[in-house]
Amino acid sequence: MTHQTHPYHMVNPSPWPLTGALSALLMTSGLALWFHFNSMIVLALGMITNVMTMYQWWRDVVRESTYQGHHTLKVQKGLRYGMILFIISEVLFFTGFFWAFYHSSLAPTHDLGGSWPPTGIIPLNPLEVPLLNTSVLLASGVSITWAHHSLMEGNRTQVIQALSITIILGLYFTLLQTSEYFETSFTISDGIYGSTFFVATGFHGLHVIIGSTFLIVCLFRQLVHHFTSQHHFGFEAAAWYWHFVDVVWLFLYVSIYWWGS
């Protein structure tokens with residue numbers, strides 16, 4: 001950085017965007033082959049190459065930020081804008097699911113029996129597992145905020161404790177949602193109710209898994225002293241993402257589980 005006349009990070013040529021695109025192609029092709037021919041070889045190959053690409057790409061980002069000093073204040077500002085725009089795009093992504101749900105539920109057609117939930121559908125009780133999941137995610141929002149404040153105060157022990165609690169709560173949420181799916185009396189093929197329920201809650205569950213992975217990486221980075229009280233955008237991005245996941249779940253719970261039942 002001492003040889004540059006500007007504070008920006010000129011990224012070196014990297015093979016990971018290309019390998020990431022190829023792994024995504026293998027995964028989508030593998031899914032088609034799995035659905036139609038019951039063969040998982042291409043899908044497994046795509047998932048393995050995708051995980052390897054993610055590991056090596058993020059390893060390079062960690063090196064650039066932690067050891068090479070490329071993430072200056074200007075670069076961090078750009079990363080913050082990028083993360084904000086990414087979260088906005090995710091909000092619009094979920095808006096489409098809510099649009100489909102309310103479009104069908106506010107004025108049920110004759111094909112649905114003129115009622116919501118549609119005739120023949122037995123919805124889940126919103127006061128059982130969904131309510132427990134809501135309390136779990138709200139508690140995780142408290143613990144991630146605790147971790148963030150502890151990091152800014154330089155309290156390393158409490159950061160590790162709070163991050164560990166958040167990760168455990170995220171994994172517990174995933175286990176609860178998986179068990180809930182096994183208990184449902186309807187499937188994704190049961191009309192518009194099954195489609196909107198499983199697609200919306202399933203994609204949210206995927207985001208919880210991604211967020212938990214994000215936090216696990218942050219925990220390992222905290223254990224090896226990558227973060228300081230002034231330089232920890234990687235953790236901040238994970239915390240923002242986790243709060244977004246929390247808020248989306250509140251809308252899902254109120255709309256699909258409570259009002260929709």
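Being a predicted model, the structure only gives us computed values, none of them experimental.
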Do [X] and [Y] land in one hydrophobic cluster if side-chain heavy atoms of ILVMFWY residues count as linked below 4.5 Å?
{"X": "Leu163", "Y": "Met152", "answer": "no"}
{"X": "Ile192", "Y": "Val199", "answer": "yes"}
{"X": "Ile165", "Y": "Phe220", "answer": "yes"}
{"X": "Leu206", "Y": "Tyr241", "answer": "yes"}
{"X": "Phe97", "Y": "Trp99", "answer": "no"}

Does a side-chain heavy-atom distance below 4.5 Å link [X] with [Y]?
{"X": "Ser140", "Y": "Tyr172", "result": "no"}
{"X": "Leu124", "Y": "Val129", "result": "no"}
{"X": "Leu22", "Y": "Leu18", "result": "yes"}
{"X": "Thr201", "Y": "Glu180", "result": "no"}
{"X": "Trp16", "Y": "Trp58", "result": "no"}
{"X": "His6", "Y": "Lys74", "result": "no"}
{"X": "Leu250", "Y": "Leu138", "result": "yes"}
{"X": "Phe235", "Y": "Gln222", "result": "no"}

Taking atom [atom1] of [X] as the centre, report whether more than 12 heavy atoms of other residues, nucleotides or ligands fall under 6.0 Å from it.
{"X": "Trp146", "atom1": "CH2", "value": "yes"}
{"X": "Trp259", "atom1": "CH2", "value": "yes"}
{"X": "Leu85", "atom1": "CG", "value": "yes"}
{"X": "Leu106", "atom1": "CG", "value": "yes"}
{"X": "Leu92", "atom1": "CG", "value": "yes"}
{"X": "Tyr102", "atom1": "OH", "value": "yes"}

Interatomic spacing from [atom1] in [X] to [atom2] in [Y] - rounded to 0.5 Å:
{"X": "Ser65", "Y": "Gln76", "atom1": "OG", "atom2": "CD", "answer": "9.0 Å"}
{"X": "Thr196", "Y": "Ile256", "atom1": "OG1", "atom2": "CD1", "answer": "6.0 Å"}
{"X": "Leu79", "Y": "His9", "atom1": "CG", "atom2": "NE2", "answer": "10.0 Å"}
{"X": "Thr174", "Y": "Gln177", "atom1": "OG1", "atom2": "CD", "answer": "7.0 Å"}
{"X": "Thr178", "Y": "Leu175", "atom1": "OG1", "atom2": "CG", "answer": "6.0 Å"}
{"X": "Glu64", "Y": "His71", "atom1": "CD", "atom2": "NE2", "answer": "5.5 Å"}

Residue pair [X] / [Y]: nearest heavy atoms and the distance that separates them:
{"X": "Pro117", "Y": "Tyr193", "answer": "CB-CE1, 4.0 Å"}
{"X": "Ala237", "Y": "Met83", "answer": "O-CE, 3.5 Å"}
{"X": "Val248", "Y": "Phe98", "answer": "O-CZ, 4.3 Å"}
{"X": "Met27", "Y": "Leu43", "answer": "O-CD1, 3.7 Å"}
{"X": "Val75", "Y": "Pro7", "answer": "CG2-O, 3.6 Å"}
{"X": "Asn50", "Y": "Ser23", "answer": "ND2-OG, 3.0 Å"}

**Message:** Can you see whether Gln158 engages His149 through a side-chain donor-acceptor pair at a distance of less than 3.5 angstrom?
**Reply:** no
**Asked** Is it true that the side chains of Ser14 and Trp57 contain a donor and an acceptor less than 3.5 Å apart?
**Response** no
**Request:** Output, in order, the C-alpha distance, side-chain angles, deciding distance and verdict of side chain to side chain contact (heavy atoms under 4.5 Å, CB included) for Phe227 and Arg156.
**Result:** CA-CA 10 Å; Phe227 297 131; Arg156 174 177 162 79; over 6 Å; no
Can you check whether [X] and [Y] have ring centres sitting under 6.0 Å from each other?
{"X": "Tyr257", "Y": "Trp249", "value": "yes"}
{"X": "Phe94", "Y": "His207", "value": "yes"}
{"X": "Phe214", "Y": "Trp240", "value": "no"}
{"X": "Phe203", "Y": "Phe93", "value": "yes"}
{"X": "His204", "Y": "Phe251", "value": "no"}

**Asked** Name the one of Ser212, Cys218, Ser143 that satisfies side chain to side chain contact (heavy atoms under 4.5 Å, CB included) with Thr166?
**Response** Ser143
**Prompt:** Under the side chain to side chain contact (heavy atoms under 4.5 Å, CB included) criterion, do Leu137 and Trp242 qualify, and how do the steps go?
**Reply:** CA-CA 9 Å; Leu137 268 194; Trp242 196 255; 4.1 Å; yes
**Message:** With side chain to side chain contact (heavy atoms under 4.5 Å, CB included) as the criterion, how do His232 and His148 come out once you've worked through the C-alpha distance, each side chain's angles and the decisive distance to 0.1 Å?
**Reply:** CA-CA 10 Å; His232 54 262; His148 194 184; 3.8 Å; yes
**Asked** Counting distance only, does the side-chain N/O of Ser29 pair as donor-acceptor with the main-chain N or O of Leu26 below 3.5 Å?
**Response** no
**Prompt:** Is there a donor-acceptor pair under 3.5 Å between the side chain of Ser261 and the backbone N or O of Trp258?
**Reply:** yes
**Message:** Please evaluate residues Leu176 and Leu132 with respect to the criterion side chain to side chain contact (heavy atoms under 4.5 Å, CB included), reporting the C-alpha separation (whole Å), side-chain torsions for both, the decisive distance (0.1 Å), and the verdict.
**Reply:** CA-CA 9 Å; Leu176 285 173; Leu132 175 59; 3.8 Å; yes
